[in-house]
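One is the number of the first residue; the rest follow in order along the sequence.
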Amino acid sequence: MKNCQKYSKGYYMPPVCDLSWAKKEYPDHAPTWCSVDLRDGNQSLIIPMSLDEKIEFYKMLLKIGFKEIEVGFPAASETEFEFLRRLVDENLIPDDVTVQVLTQAREHIIKKTFEALKGVKNAIVHVYNSTSVAQREQVFKKSKEEIKEIAVSGAKLLKKLTDEAGADYRFEYSPESFTGTEPEYALEVCNAVLDVWKPTADKKAIINIPVTVEMSMPHIYAMQVAYISQNLKYRDNVILSLHPHNDRGCGVADSEMGLLAGADRIEGTLFGNGERTGNADIVTIAMNMYALGVDPGLDFSNMPAIQEMYERVTRMHVHDRQPYAGSLVFAAFSGSHQDAIAKGMRYHEEHPERWTVPYLPIDPKDVGRQYDGDVIRINSQSGKGGVGFIMEQRYGISMPKKMREDFGYFVKGVSDHKHKELMPDEIYQIFQDEYVNVSKPYGLVDFLLQKEPNGIRFGTVTMNVNGAEEIFVARGNGRLDAISNALQKNLNLKYDNLTYSEHALEIGQTSRAMAYIGIDDGGKTYWGAGMDTDIITASIMALVSAINRMKNGKCENI
């Protein structure tokens with residue numbers, strides 16, 4: 001691409017700091033989570049949420065387990081002001097939940113914010129001003145001292161108004177556009193704010209380090225976070241918070257590495273919705289922890305319900321490949337993947353203590369997904385393992401290995417011809433239509449067999465042959481052998497190596513038997529299935545089905 005020379009790094013490397021955090025494998029405990037969906041998320045929507053929609057979203061956040069929720073910028077609009085007042089008036093803020101409000105470090109905006117807070121028991125007042133070189137030079141045209149004074153004045157006013165209100169509000173400060181700010185200067189401003197608030201163990205302050213615009217690789221941001229963490233005043237009484245955006249697609253990585261570097265708290269949104277390319281995706285960050293055996297302290301066990309609510313009230317779409325939440329993230333269409341997953345599932349049933357199923361980093365059921373509809377998906381790329389898995393998991397159909405291969409190829413051909421994915425019920429119907437109790441050109445009408453003293457089975461079998469009933473004498477070592485001998489002799493058939501298996505089958509309240517038979521002819525194996533309440537009848541139906549499929553040239557395992 002041309003013109004890349006007009007770009008240069010807009011970030012600043014921090015001074016030397018302790019990098020021992022970089023040797024950690026992953027965060028070993030959950031951070032404090034703060035959802036900013038109702039502010040950052042809402043302001044990024046083409047059609048912002050209505051009050052009722054925001055209430056519904058807020059209640060879902062409570063259900064998920066968020067204890068800190070940014071509810072808006074009350075001074076920015078009457079809608080945001082009214083939303084906070086509605087939470088207060090309708091007593092919708094639990095005692096163990098803290099609502100957060102955002103305000104610029106400007107006197108009239110701060111005062112308006114405090115008006116909205118009347119009656120709120122637990123609140124975080126989040127004040128910010130921009131500190132970056134670009135903002136100082138191009139937007140505010142102010143010196144470093146003047147920018148720092150804006151932050152300090154805002155911090156003082158927060159403290160003053162809180163004292164006057166007799167409230168116990170907590171304070172948060174953000175050096176907005178931190179990623180374009182010299183780390184030493186950002187630290188200087190943050191420490192100046194902390195000198196005003198003088199946080200204590202009983203009333204900790206929050207210093208929030210935002211990635212207003214991603215400008216560097218995640219390890220650079222993490223080093224900046226480590227520098228701030230290691231040099232903040234009152235560090236034991238400060239909660240170091242991160243607010244990553246996603247301009248470079250690294251919001252999750254910034255968050256995870258920032259936690260390793262010393263951060264205590266994450267501000268983000270469900271599914272990463274936010275201005276421009278979005279905010280840090282709390283669902284992904286939390287589930288990444290979960291997948292490493294760390295309890296994130298948030299409940300995403302009913303991801304489909306969360307997704308449904310989110311898409312409905314925000315009019316946004318959770319991408320099909322969105323980690324953990326997308327409708328296709330656990331889906332395997334590839335035959336080799338499906339086979340490995342099916343085998344892994346069976347292994348897990350025998351060794352349930354740890355989840356190690358190939359291709360699936362977590363158990364889909366942990367987020368409310370189903371194995372047969374969400375994991376194994378069937379199209380022209382699928383194989384016998386996936387088709388067999390669906391048939392067994394959903395319908396209790398446990399075909400012999402070679403028959404699964406035959407049926408898998410058949411289903412694959414149907415999908416390829418139709419150019420579409422096949423749903424489980426469609427696959428089951430194909431099985432019923434093509435393999436089970438096939439009655440043309442030959443149909444079983446009845447059979448009667450007796451056991452002779454020498455153990456030989458002897459009797460008759462009545463068949464419908466091209467529309468006419470015919471009775472054949474049957475004799476053999478067993479019922480199935482006797483019927484097979486009769487059909488081969490009277491219908492001029494020849495096949496070898498009869499392969500047989502059976503099992504009980506439960507469909508609803510009716511108990512049935514399922515039988516499978518494969519017959520060889522000229523190097524090809526033809527498969528049939530029989531279903532009946534009587535296992536002997538099911539077995540003979542399976543044989544007749546296999547013969548009919550042979551006569552009709554239905555063989556997929558060439």
Side-chain angles (χ1 to χ4, degrees), residues 7-27 31-32 128-138 140 142-148 150-152 155 172-195 197 199 204-268 279-280 285:
Y7 299 104
S8 60
K9 68 177 188 178
Y11 61 88
Y12 298 85
M13 290 291 290
V16 176
C17 59
D18 180 3
L19 296 179
S20 60
W21 57 269
K23 296 180 180 179
K24 298 178 182 178
E25 290 188 47
Y26 54 87
T32 298
Y128 72 93
N129 69 303
S130 192
T131 59
S132 69
V133 174
Q135 295 266 17
R136 296 195 314 257
E137 293 178 351
Q138 300 173 38
F140 298 107
K142 291 183 181 294
S143 67
K144 285 183 175 181
E145 284 301 316
E146 290 172 316
I147 292 294
K148 182 170 71 172
I150 293 174
V152 170
E172 176 176 350
Y173 172 71
S174 289
E176 195 214 356
S177 59
F178 167 82
T179 45
T181 303
E182 310 90 332
E184 302 95 323
Y185 175 61
L187 176 67
E188 179 184 335
V189 175
C190 290
N191 279 334
V193 167
L194 291 173
D195 281 335
W197 290 339
K204 294 184 177 183
I206 301 171
I207 293 296
N208 187 56
I209 307 300
V211 184
T212 307
V213 178
E214 281 191 319
M215 296 181 173
S216 68
M217 294 178 67
H219 73 291
I220 300 296
Y221 174 64
M223 286 194 288
Q224 294 168 337
V225 171
Y227 171 74
I228 297 294
S229 177
Q230 294 165 23
N231 292 280
L232 272 178
K233 291 184 176 180
Y234 315 95
R235 182 63 183 94
D236 290 343
N237 300 326
V238 172
I239 297 169
L240 187 59
S241 177
L242 308 180
H243 185 115
H245 284 204
N246 200 43
D247 303 84
R248 289 170 52 94
C250 299
V252 169
D254 285 337
S255 302
E256 294 181 326
M257 294 195 71
L259 289 174
L260 293 181
D264 311 299
R265 181 176 184 266
I266 296 289
E267 294 186 349
N279 285 43
I285 301 167

Legend entry - Min side-chain heavy-atom separation N279-H243 under 4.5 Å: yes
Legend entry - Beyond-backbone contact of E184 with E188, side-chain heavy atoms, under 4.5 angstrom: no
Inset, instruction - Decide whether a cation-pi geometry holds between R248 and Y221; the criteria are a distance under 6.0 Å from NZ or CZ to the six-membered ring centre and an angle within 45° of the ring axis. - result: no
Inset, instruction - Would you sort out whether R265 and S241 count as a side chain to side chain donor-acceptor pair (under 3.5 Å), showing the intermediate values? - result: CA-CA 4 Å; R265 181 176 184 266; S241 177; 3.0 Å; yes
What distance separates [X] [atom1] from [Y] [atom2], expressed to the nearest 0.5 Å?
| X | Y | atom1 | atom2 | answer |
| --- | --- | --- | --- | --- |
| N208 | L242 | CG | CG | 7.0 Å |
| Q135 | N129 | CD | CG | 10.0 Å |
| I150 | E145 | CD1 | CD | 12.0 Å |
| W21 | L259 | CH2 | CG | 11.0 Å |
| K142 | E137 | NZ | CD | 14.5 Å |

Legend entry - Identified salt bridge (charged side-chain N to carboxylate O under 4.0 Å, His left out) partner of R136 from the options E176, E146, E182: E182
Legend entry - Results of side chain to side chain contact (heavy atoms under 4.5 Å, CB included) for N246 - residues two or more places apart only: E214, T277
Inset, instruction - Could I get the full list of salt bridge (charged side-chain N to carboxylate O under 4.0 Å, His left out) partners for K24, not counting sequence neighbours? - result: none
Legend entry - With sequence neighbours excluded, residues passing salt bridge (charged side-chain N to carboxylate O under 4.0 Å, His left out) with D18: none
Inset, instruction - Check whether any side-chain N or O of R235 sits under 3.5 Å from a backbone N or O of S229 as a donor-acceptor pair, and report yes or no. - result: yes
Inset, instruction - May I ask you to check whether over 12 heavy atoms, not counting those of F140, lie within 6.0 Å of atom CZ? - result: yes
